[in-house]
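So the structure is just underneath, and the comments pick up after that.
Sequence positions, counted from 1, serve as the residue numbers for this chain.
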Amino acid sequence: MDFALTDDQRAIQDAARAFADAELAPHSAEWDETKHFPVDVMKHAAEMGFCGIYTGEEHGGMALGRVEAALIFEELSRGDVSTAAFISIHNMATWMIDRFGSDDLRARYVPRLVSMELIASYCLTEPGSGSDAAGLRTTAKLDGDHYVLNGSKAFISGAGTSDVYVVMARTGADGPKGISTFVVEKDTPGLSFGAQERKMGWNSQPTAIVAFDDCRIPAANLLGKEGDGFRYAMMGLDGGRLNIAACSLGGARLALETTLDYVASRKQFGKPIADFQNTQFKLADMATQLEAARLLVLRGAWALDTRHPEATKWCAMAKRFATDACFQIADEALQLHGGYGYLKDYPLERIVRDLRVHRILEGTNEIMRVITAREMMRQ
């Protein structure tokens, strides 16, 4: 077993870190406060290749693996969790079009998605279905050479701003085999958006309902075959879960680094609080949890890259453990700051707010346990 990164991987990691330090970290607090969606900065990330990380080279992607993606998203999220998380969603939607779309769809959309001339959103969750993704009710009915979509999607990152929506809709019977996947453009008649949600965190990206009211799209905008859409969605989510887990790593790492500096300078009872054994125990546990989470994320990424038969299980395990552990690290970091951690002068309260949702999206951590147990019992 070799835990060392290759020279190329270290170079990619360094580039992501430099970008985050220069273009994300200095603005993170302001973006959170003003709810600013930094499209211009994300386009700079696209120039670095970070918006087509594991998309194929034919249409401008970097064709890297999921290990490299995990390294990139950890570094980007250390700069700004919310913005890095949106870039991860854009990557997932772009990859789905590149992986399952026709040659025409790929040529039409992928180059502009990789460059972020176009921004993409992923639309699976619905107001009534929640964790029961296969129970979605949005329909797509074939009418000549068009599909007509009706229904709505909830909690969609980028809604109202994104140019392209990768949408899962029902074309057949109940259950996962009746679901197909489509590409829907923003200006399509019948497509509309709800009011922007008022959220606890993830404030640097817009979130809203996406609604379809007799929304007609070309039949050619179907990805792959009818009935395969749920499988495509789940394949996208395997990687998406690792991306979100990696974004948790970056936020937790920043929280730990901030805390190390604070406890070394903050004095109580005549000495730095870093000298107290209780503080040292907490720091040691936080560092151990962070490293364990990182190793599990990289293990899941390796499983996807090697097409390991248990990749789905490893991705679910990594997402569950990393997002839980990293939220706890950030919360403990805030606690060690005392009252100062609750103030916006420090990044802790923002990190806690941003990381909390990672335990819900891309499949709740309760569903990650269901997936893990189900895969175990199949062996």
Side-chain angles (χ1 to χ4, degrees), residues 1 3 54 65-67 69-70 73 88-89 92 95-96 99-100 122-126 128-137 154-155 168-181 223-249 288-328 355-379:
M1 299 179 70
F3 292 93
Y54 40 85
R66 302 306 176 119
V67 169
F73 286 120
S88 82
I89 294 167
M92 177 170 64
W95 174 82
M96 288 181 67
R99 174 68 175 80
F100 303 113
Y122 176 91
C123 302
L124 175 62
T125 302
E126 295 189 357
S129 60
S131 292
D132 181 18
L136 63 84
R137 295 180 177 274
F155 310 118
M168 274 54 71
R170 187 164 302 285
T171 53
D174 291 345
K177 293 184 179 179
I179 296 171
S180 303
T181 300
L223 289 187
K225 299 177 181 178
E226 273 199 13
D228 285 348
F230 192 75
R231 180 170 63 88
Y232 301 159
M234 293 303 102
M235 290 174 69
L237 280 179
D238 277 345
R241 287 163 182 159
L242 291 178
N243 292 347
I244 288 301
C247 287
S248 290
L249 295 176
T288 302
Q289 288 286 89
L290 181 60
E291 188 62 26
R294 181 181 293 114
L295 289 172
L296 195 50
V297 170
L298 293 175
R299 175 68 169 81
W302 172 87
L304 271 190
D305 283 341
T306 59
R307 299 186 180 182
H308 193 283
E310 295 182 89
T312 293
K313 181 186 78 173
W314 283 104
C315 291
M317 292 169 68
K319 193 270 181 181
R320 201 291 300 167
F321 183 83
T323 56
D324 278 348
C326 291
F327 176 78
Q328 291 162 5
L355 292 191
R356 182 59 183 88
V357 74
H358 293 192
R359 301 166 71 190
I360 298 171
L361 53 82
E362 311 288 27
T364 66
N365 283 2
E366 289 74 20
I367 292 298
M368 296 306 98
R369 291 175 171 90
V370 171
I371 292 171
T372 300
R374 181 186 65 205
E375 295 297 317
M376 289 169 61
M377 289 185 283
R378 284 179 177 173
Q379 297 176 6

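Nearest heavy atoms, G224 versus Y232: CA-OH, 3.4 Å. In terms of heavy-atom proximity, K319 sits nearest to A245 at CA-CB, 4.1 Å. For the pair A70 and A246, the tightest heavy-atom approach, listed with the atom from each and the gap, is O-CB, 3.5 Å. When all heavy atoms are compared, the tightest approach of V297 to A322 is CG2-CB, 3.9 Å.
The CD atom of E362 sits 11.5 Å away from the SG atom of C315 when rounded to the nearest 0.5 Å. Taking CD1 of I367 as the start and OG1 of T364 as the end, the distance is 4.5 Å to the nearest 0.5 Å.
Counting heavy atoms from C-beta on, the side chains of I179 and T171 never come closer than 4.5 Å. Using a 4.5 Å heavy-atom threshold, the side chains of T323 and L355 count as separate.
When ring centroids are compared, Y122 and W95 stay outside the 6.0 Å threshold.
Under 4.0 Å is where a charged nitrogen must lie from a carboxylate oxygen, and between D228 and K225 no such pair does.
M234 meets the side-chain contact (heavy atoms from CB on, under 4.5 Å) test with L124, F230, L237; sequence neighbours excluded. In this view, A303 and R299, H308, A311, W314 satisfy the side-chain contact (heavy atoms from CB on, under 4.5 Å) rule, not counting sequence neighbours.
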Exercise for review: Give the intermediate values and the outcome of side chain to side chain contact (heavy atoms under 4.5 Å, CB included) for residues M368 and R241.
Suggested key: CA-CA 10 Å; M368 296 306 98; R241 287 163 182 159; 3.3 Å; yes
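Residue pairs satisfying the salt bridge (Lys or Arg N to Asp or Glu O under 4.0 Å) criterion with at least one member in residues 363-379, sequence neighbours excluded, are listed as follows: D324-R369, E375-R378.
Note that R66 lies in the cation-pi zone of Y54, set by a 6.0 Å cut-off to the ring centre and a 45° limit from the axis.
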